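These notes concern the structure reproduced below.
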Amino acid sequence: MPMSESNVPLSRQGEGSGVRLRFAPSPTGYLHVGGARTALFNWLYARRVGGAFLLRIEDTDKARSSDEHTQVILDGLTWLGLDWDEDVVFQGARVERHRDVADQLLAAGHAYAEEGAVRLRMPQGEIAWDDTVHGPISFQGVDVKDWIILRSDRTPTYNFSVVVDDIDMKVTQVMRGDDHISNTPKQIAVYRALGVPLPAFGHVPMIHGMDGKKLSKRHGATAVGDYQQLGILPAAMRNFLALLGWSPGGDRELFYDIKEMTEAFTLEGIQRKAAIFDTKKLEWMNGQHLTQLAPAELLPIITPILTSQGFDPAAYDGERILRAIQVVRERSRTTLEVARQVAVRLGSGAIENDPKAAEAIAKDPAAFKTATESAARRLAGVPEDKWEPTQLEAELRALAESFGIPAGKVFQPIRIALTGGTVSEPVHDLIWAVGKTETLSRLKAATG
RNA sequence: GCCCCCAUCGUCUAACGGUUAGGACACCACUCUUUCAAGGUGGUAACGGGAGUUCGAUUCUCCCUGGGGGUACCA
């Protein structure tokens, strides 16, 4: 598995700015939405200013790390459309370097040995920085105890490795979660002891679940991959994540193009308050993105879903699939829903009625039977070359008129017979999408 | 306990001393319609509390309250 391949940036805007940011996840097996948003902010800012966006995998915890886990993270970022510059850095491969620097600090008297471990001397005065998100933040050195940078087994600790790596990677802006604010004074002390200038620090707020608590497994889907599985489009996920904790100002809400988002992005627009992850809004936003995509663009996304649902898209005329996607897309919130509805329109299997449909039939079985039977008879007389929405609607309206009943009394039973549900696009469009043969067969089955 | 961060509708947010406190999701009506999770129109709904500063505070300062994070030889 080639973990160290470098990504070719799609939108490198010149290397001139000298600004370098990084995203440093630990390979836990999934990309948490909070991490994903942090990555997105880093990426957006790097691209905005023409800087570099780097990736460092913090795999020092060997017990929990694996190549597969790392791959999940990389896949998640790629799915979101976030590309990175230069080779991925693996922290685990750098322990020698960390040891060297720790020894260097020891020799210089900035750290001292204690029971085999190496402990950093914390300065007494004020440790402050101008946070790019929060503004001035300050701690007192005395409040932060001397801490271990190298364990007695000579492995480096997190807060120490991070600094050594950031220095070596020439990171100029550190943007990470709020939970690292209290780590920052420790890290600043390392920079000072090493005589290295500080990068800019910025701490973005956390993401919470609907109950206001830290987002966790308890809240259901928390990984980017979960949302991919649920039928969320990467562009929508990106859009939603970006607006969770960042605002372009004004009423701007939808970003269909990642370039527009990049151009609008500013550090000033980042929120200081934790945000709650609202799935409902994500779904709404996904629906917006869905209707924005042409059926042809949706096709490659829908195809694998259809396949995984035991449906063979290859067996169908591409035009028919596109036609189905087109009529279904506007009412769907997820690609999963699109696929399900497409399958209903193209498939030839038995139709199962949902509760609402069953209820509607039960209300007046005789009327349902009459409507579907007469519709089948009428539609059977429509030649294939006249099988198009306008003609079909005219036929059905004429049918209703001949019975002296409202058109709806004819349309709704047909809808139920064809979809097993009470909701769909206009019935004539539905019939058009399902096709003559299958339409007649379903009407017959419903009557039967 | 100690340290740090945060605080506008239920939720995401706009506002950067003077607004009927705006938009979006959700919700509720109404409307369109053959149905609807679609479209259209409208509505309910917020500045946590108390002191200041100021002619004037949602906005600036302090206190309180509430929420969050950190206090490891975890990351």
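Since we're looking at a predicted model, the values are computed, not measured. Chain letters run A, B, ... following the sequence lines, proteins first and then strands; every chain starts at 1.
- In this structure, I148(A) reaches the bases: a heavy-atom distance under 4.0 Å links it to at least one base atom across the strands shown.
- A donor N or O paired with an acceptor N or O is found under 3.5 Å between the base of C73(B) and the side-chain atoms of S152(A).
- If you check every strand for non-hydrogen atoms under 4.0 Å, R272(A) touches sugar and phosphate atoms only.
- Base engagement by N183(A) is indicated by at least one non-hydrogen atom pair under 4.0 Å involving a base atom.
- In this structure, the CG atom of D146(A) is 12 Å from the P atom of C73(B), given to the nearest Å.
- Within the shown strands, U71(B) is the pairing partner of G1(B) under the Watson-Crick or G-U definition, both distances less than 3.5 Å.
- Across all strands, K214(A) comes closer than 4.0 Å only to sugar-phosphate atoms, never to a base (heavy-atom distances).
- Note on ring orientation: taking the six-membered ring where Trp is involved, the planes of Y191(A) and F201(A) are perpendicular (angle over 60°, cut-offs 30° and 60°).
- Here C27(B) sits opposite G43(B) as a Watson-Crick or G-U wobble pair (both hydrogen-bonding atom distances under 3.5 Å).
- Among the protein residues, P205(A) comes within range of no part of the nucleic acid, since none of its heavy atoms lies under 4.0 Å from any strand.
- For I137(A), the listed nucleotide lying nearest its side chain is C5(B); candidates were C12(B), C5(B), A75(B).
- Residue ring and base: F411(A) counts as stacked with U34(B) (centre distance below 5.5 Å, interplanar angle below 30°).
- A sub-4.0 Å separation between OP1 or OP2 of G70(B) and a side-chain N or O of K186(A) is absent.
- Between F277(A) and Y227(A), the ring planes are tilted. Angles from 30° to 60° get that label.
- Partners of R333(A) by salt bridge (charged side-chain N to carboxylate O under 4.0 Å, His left out), not counting sequence neighbours: none found.
- A57(B) is unpaired under the Watson-Crick or G-U wobble criterion, no partner having all donor-acceptor distances under 3.5 Å.
- Looking at heavy-atom distances under 4.0 Å, E253(A) makes contact with a base.
- R252(A) comes within 4.0 angstrom of no nucleic acid atom, judged by non-hydrogen atoms across all strands.
- In this structure A37(B) sits in no base pair that meets the Watson-Crick or G-U test at under 3.5 Å.
- When heavy atoms are screened at a 4.0 angstrom cut-off, E115(A) is found touching base atoms of the nucleic acid.
- Within 4.0 Å (heavy atoms only), N159(A) reaches at least one base atom of the nucleic acid.
- Using a 30° and 60° split on the angle between ring planes, W129(A) and F139(A) fall in the parallel class, below 30°.
- Between L254(A) atom CG and G23(B) atom C1' the separation is 13 Å, expressed in whole Å.
- One C1' atom belongs to U20(B), the other to C47(B), and the distance between them is 15 Å to the nearest Å.
- Counting non-hydrogen atoms under 4.0 angstrom, Q140(A) reaches nothing in the nucleic acid.
- The side chain of K280(A) approaches A26(B) more closely than any other nucleotide in the set A14(B), A26(B), C12(B).
- If you take CG on L198(A) and CZ on R192(A), they are separated by 7.5 Å, rounding to the nearest 0.5 Å.
- Which of U71(B), C4(B), G68(B) sits closest to the side chain of H208(A) comes down to G68(B).
- The side chain of D178(A) lies closest to C5(B) when the candidates are C25(B), C5(B), U35(B).
- Contacts of S138(A) with the nucleic acid, taken as non-hydrogen atoms under 4.0 Å apart, involve only primed sugar atoms and P, OP1 or OP2.
- Residue S247(A) is in sugar-phosphate contact alone, with no base atom involved, counting any heavy-atom pair closer than 4.0 Å across all strands shown.
- Using a 4.0 Å heavy-atom criterion, one finds that G245(A) contacts the sugar-phosphate atoms exclusively.
- Between the side chain of K281(A) and the base of A26(B), no donor-acceptor pair under 3.5 Å is found.
- Considering only the side chain of H134(A), C5(B) comes nearest among A75(B), C5(B), U35(B).
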